[in-house]
Amino acid sequence: MLTILLLIPFLGALVISVLPSDESGRSRSLALLTLAVQCVYSFALLIPFQASETGQQLVDSVPWLPVVGLDFSLGVDGLSLPLVLMNAVLCLVAALASRSVENRSRLYFSLILVISGAVNGAFLSQNLLLFFIFYELELIPLWLLIAIWGGANRAYASIKFLIITAVSGVLILGAFLGIALVTGTADFGVSPILAGQMSLVTQLVLMGALLIGFGIKIPLFPFHTWLPDAHTEASTPVSVLLAGVLLKLGTYGLLRFCLGLFPEAWSYAAPWLAGWAAISVLYGSLAAIAQTDMKRMVAYSSVGHMGYVLLAAAAATPMAIMGALFQMVSHGLISAVLFLAVGVVYERTGTRDLNVLRGLLNPQRGLPLTGTLMIIGVMASAGIPGMAGFISEFLIFKGSFEPFPLATLLSMIGSGLTAVYFLLLVNRAFFGRLATSSGATPNPPILSKVSLGQQIPGLSMSVLILILGLAPHLLVGLSQAATTQLSELAALVPSGGLA
């Protein structure tokens, strides 16, 4: 049943790649149809899925290479299902936003479908080696998307992304192979808890390799340096995929493998991890304040907001783990809105420089709907009540305060700084008198209108942000059993639920 979630995008990519002509409209239409089918099928999994069960459900398992411990084993639980749904939605949004792709469109949309299938495979894998295969499979397509359809410095940004994230894969594979070496078994199933099979020092070494590997992908300070460059040079749809989907492979791995496989070592290292989280949050926020490029500001905000996930994982209370999952989903939706709005601004004005842009909220001559969507994204990212960002931050801070009060308070300061740098962005770019020039290139006094079709992706994401903010039980009820079970592994607090 779950295998279909891999077949749909991979077969779609194959069909598009063998089209007789490279006509962009046909490639985009087939990609949209494929991703729409994937989205419908993903949400259909909610029907047989039992939210009260804690184990893997709807399992597909076939021996592949048993001699090396590689099985084609897929399963879904309350931790992975929301991320599969988010992947389906955001990949569809990215394809919808890819309206201007004319060059090599077959390759472009095929790569998006390959990324979607690989991310599904990573979230569903119940075998460590299978996870690694899918984890690495998305690397080359994303590199190509940046290198071919990126900005002026795309070569530098794409190579930097490729090299640094390749190191992430090497560390993760090394840790997985180290598990087999230490335990003396070729069992690469995700289910074994390894705390009782190796010394604490060995656990810390292997978990440390995973932490750095996933920390690069998330990314956490100081492993974040590839992210701003990649975002700056990537096209808007690729930035949506990068921030909304690909970063979540790192946070998912943090919870599933670091905490899930090494709960004893995780508990020992938790105070240090909480401190690391606070540093990453504050660094990301302060770096964002210093930016004048709208896209780099949004990119640095991801560094800070992903630090919240590490804080919650370090605390490992039931409420904190639920907050971590909520943050992963809410950040995916919020970052999509922000990058889509920035993309429209750049398309209409030719610049993202906050020292140049002014008055874009002007109802007659500016981009009022785009400005409204940007403000919604800013409010959600800053944790305004009634939006998804508030729910995730509230759960994380409340769940993390008791075990790590100082780190939580520092992270709350970082949350306050989020409001500062995004208010700077909105005030500079959207208020005041409409700018009439962009550096040396004059802008028309009246900006061309944005069609409703171009705004549908951002509008749909805004609606989802509001729905999750007003009805958080939709996600909490789906995932509470799984996140509570995960939190109990660390043994930092007594078992219990959100209540």
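All of these numbers come straight from a predicted model, not from anything done at the bench.
Counting only heavy atoms from C-beta outward, the side chains of Leu113 and Gln38 never approach each other to under 4.5 Å. Side-chain contact between Glu393 and Met412: absent, with no pair of heavy atoms (C-beta onward) separated by less than 4.5 Å. Here the side chains of Leu19 and Leu30 are in contact, with some heavy-atom distance below 4.5 Å. Leu211 has its side chain within reach of Trp266: a pair of non-hydrogen atoms, C-beta onward, lies under 4.5 Å apart. Ile112 has its side chain within reach of Ser98: a pair of non-hydrogen atoms, C-beta onward, lies under 4.5 Å apart. Counting heavy atoms from C-beta on, the side chains of Leu259 and Ile321 come closer than 4.5 Å. Using a 4.5 Å heavy-atom cutoff, the side chains of Ile218 and Val309 are not in contact. You'll find the side chain of Ile148 reaches within 4.5 Å of the side chain of Leu107, heavy atoms only.
For the pair Ser17 (side chain) and Ala13 (backbone), a donor-acceptor distance under 3.5 Å is present. In this structure a side-chain-to-backbone donor-acceptor pair under 3.5 Å is missing from His231 to Leu227. Of the possible polar contacts, one joining the Asp60 side chain to the Leu2 backbone as a donor-acceptor pair under 3.5 Å is found. No donor-acceptor distance shorter than 3.5 angstrom exists from the side chain of Asn87 to the backbone of Val119, with no hydrogens or angles considered. Checked by atom type and distance alone, the side chain of Ser381 never pairs as donor or acceptor with a backbone atom of Gly377 at under 3.5 Å. A donor-acceptor pair is defined here as one N or O able to donate and one able to accept, closer than 3.5 Å; such a pair exists between the side chain of Gln56 and the backbone of Val76. Ser415 contributes no side-chain N or O that, together with a main-chain N or O of Ser411, makes up a donor-acceptor pair within less than 3.5 Å.
The ring-ring contact (aromatic ring centres under 6.0 Å, His included) search around Phe123 returns Tyr252, not counting sequence neighbours. Under the salt bridge (charged side-chain N to carboxylate O under 4.0 Å, His left out) criterion, Glu138 pairs with Lys217, not counting sequence neighbours. Take Asp229 and apply the salt bridge (charged side-chain N to carboxylate O under 4.0 Å, His left out) test, not counting sequence neighbours, and it matches Lys160, Arg296. Residues passing the ring-ring contact (aromatic ring centres under 6.0 Å, His included) test with Phe131 are Tyr135, Phe257, sequence neighbours excluded. Under the rule for a salt bridge (charged side-chain N to carboxylate O under 4.0 Å, His left out), Arg428 has no partner lying at least two apart in sequence or in another chain. Residues that satisfy the side chain to side chain contact (heavy atoms under 4.5 Å, CB included) test with Ser235, not counting sequence neighbours, are Tyr108, Pro237, Val238. Applying the salt bridge (charged side-chain N to carboxylate O under 4.0 Å, His left out) criterion to Lys295, with sequence neighbours excluded, gives no partner residue.
Within the structure, salt bridge (charged side-chain N to carboxylate O under 4.0 Å, His left out) contacts touching residues 114-132 (residues at least two apart or in different chains) do not occur. For the salt bridge (charged side-chain N to carboxylate O under 4.0 Å, His left out) condition, the pairs that include at least one residue of residues 68-89, sequence neighbours left out, are Asp77-Arg256. Residue pairs that meet the side chain to side chain donor-acceptor pair (under 3.5 Å) test with at least one member in residues 143-155, sequence neighbours left out, do not exist here.
Put simply, CG on Leu181 and CG on Leu206 are 9.0 Å apart, with the number rounded to the nearest 0.5 Å. Distance OG/Ser479 to CG/Leu486: 11.5 Å, rounded to 0.5 Å. The OG atom of Ser462 lies 11.0 Å from the CE atom of Met379; values are rounded to the nearest 0.5 Å. Annotation: the span from Cys39 atom SG to Leu32 atom CG amounts to 11.5 Å, rounded to 0.5 Å. The distance from the CG atom of Leu171 to the CZ atom of Phe214 is 10.5 Å, given to the nearest 0.5 Å. A distance of 10.5 Å separates OG of Ser73 from CG of Leu124, quoted to the nearest 0.5 Å.
In this structure, Ile465 and Ala380 approach most closely via the heavy-atom pair CG2-CB, 3.7 Å. The two residues Leu130 and Ser125 have their closest heavy-atom pair at CG-OG, 3.6 Å. Closest approach of Ser285 to Leu417, counting heavy atoms only: CB-CB, 3.7 Å. Scanning both residues, Cys91 and Leu241, for their nearest heavy atoms gives SG-CD2, 3.7 Å. Taking every heavy atom of both residues into account, Leu35 and Ala95 meet most closely at CD1-CB, 3.6 Å. The shortest heavy-atom contact between Glu136 and Thr165 is OE2-O, 4.4 Å.
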May I have the list of side-chain donor-acceptor pairs in residues 270-282 shorter than 3.5 Å, sequence neighbours left out?
from   : atom 1 : to     : atom 2 : distance (Å)
Trp276 : NE1    : Phe221 : O      : 2.5
Ser280 : OG     : Phe221 : N      : 3.2

Donor-acceptor pairs under 3.5 Å, side chain of residues 328-346 to any protein atom, not counting sequence neighbours: which ones?
from   : atom 1 : to     : atom 2 : distance (Å)
Ser330 : OG     : Phe326 : O      : 3.0
Ser330 : OG     : Gln327 : O      : 3.3
Ser330 : OG     : Ser392 : OG     : 3.3
His331 : ND1    : Lys248 : NZ     : 3.0
His331 : NE2    : Ser302 : OG     : 3.1
Ser335 : OG     : His331 : O      : 2.8
Ser335 : OG     : Gly332 : O      : 3.2

| For Trp226 and Ile216, what are the C-alpha separation, side-chain angles and deciding distance, and is it a side-chain contact (heavy atoms from CB on, under 4.5 Å)? | CA-CA 9 Å; Trp226 61 269; Ile216 292 172; 4.0 Å; yes
| query | Does the pair Thr251 and Met306 meet the rule for a side-chain contact (heavy atoms from CB on, under 4.5 Å), with working shown? | reply | CA-CA 8 Å; Thr251 51; Met306 290 297 93; 3.7 Å; yes
| said: Go through it in stages, so that I can follow the logic: the residues are Leu139 and Phe161, the test is side-chain contact (heavy atoms from CB on, under 4.5 Å), and I'd like the CA-CA distance, side-chain angles, deciding distance and then a yes or no. | reply: CA-CA 9 Å; Leu139 180 61; Phe161 162 79; 3.7 Å; yes
| message | Walk me through whether Leu220 and Val303 qualify under side-chain contact (heavy atoms from CB on, under 4.5 Å). | response | CA-CA 6 Å; Leu220 299 169; Val303 178; over 6 Å; no
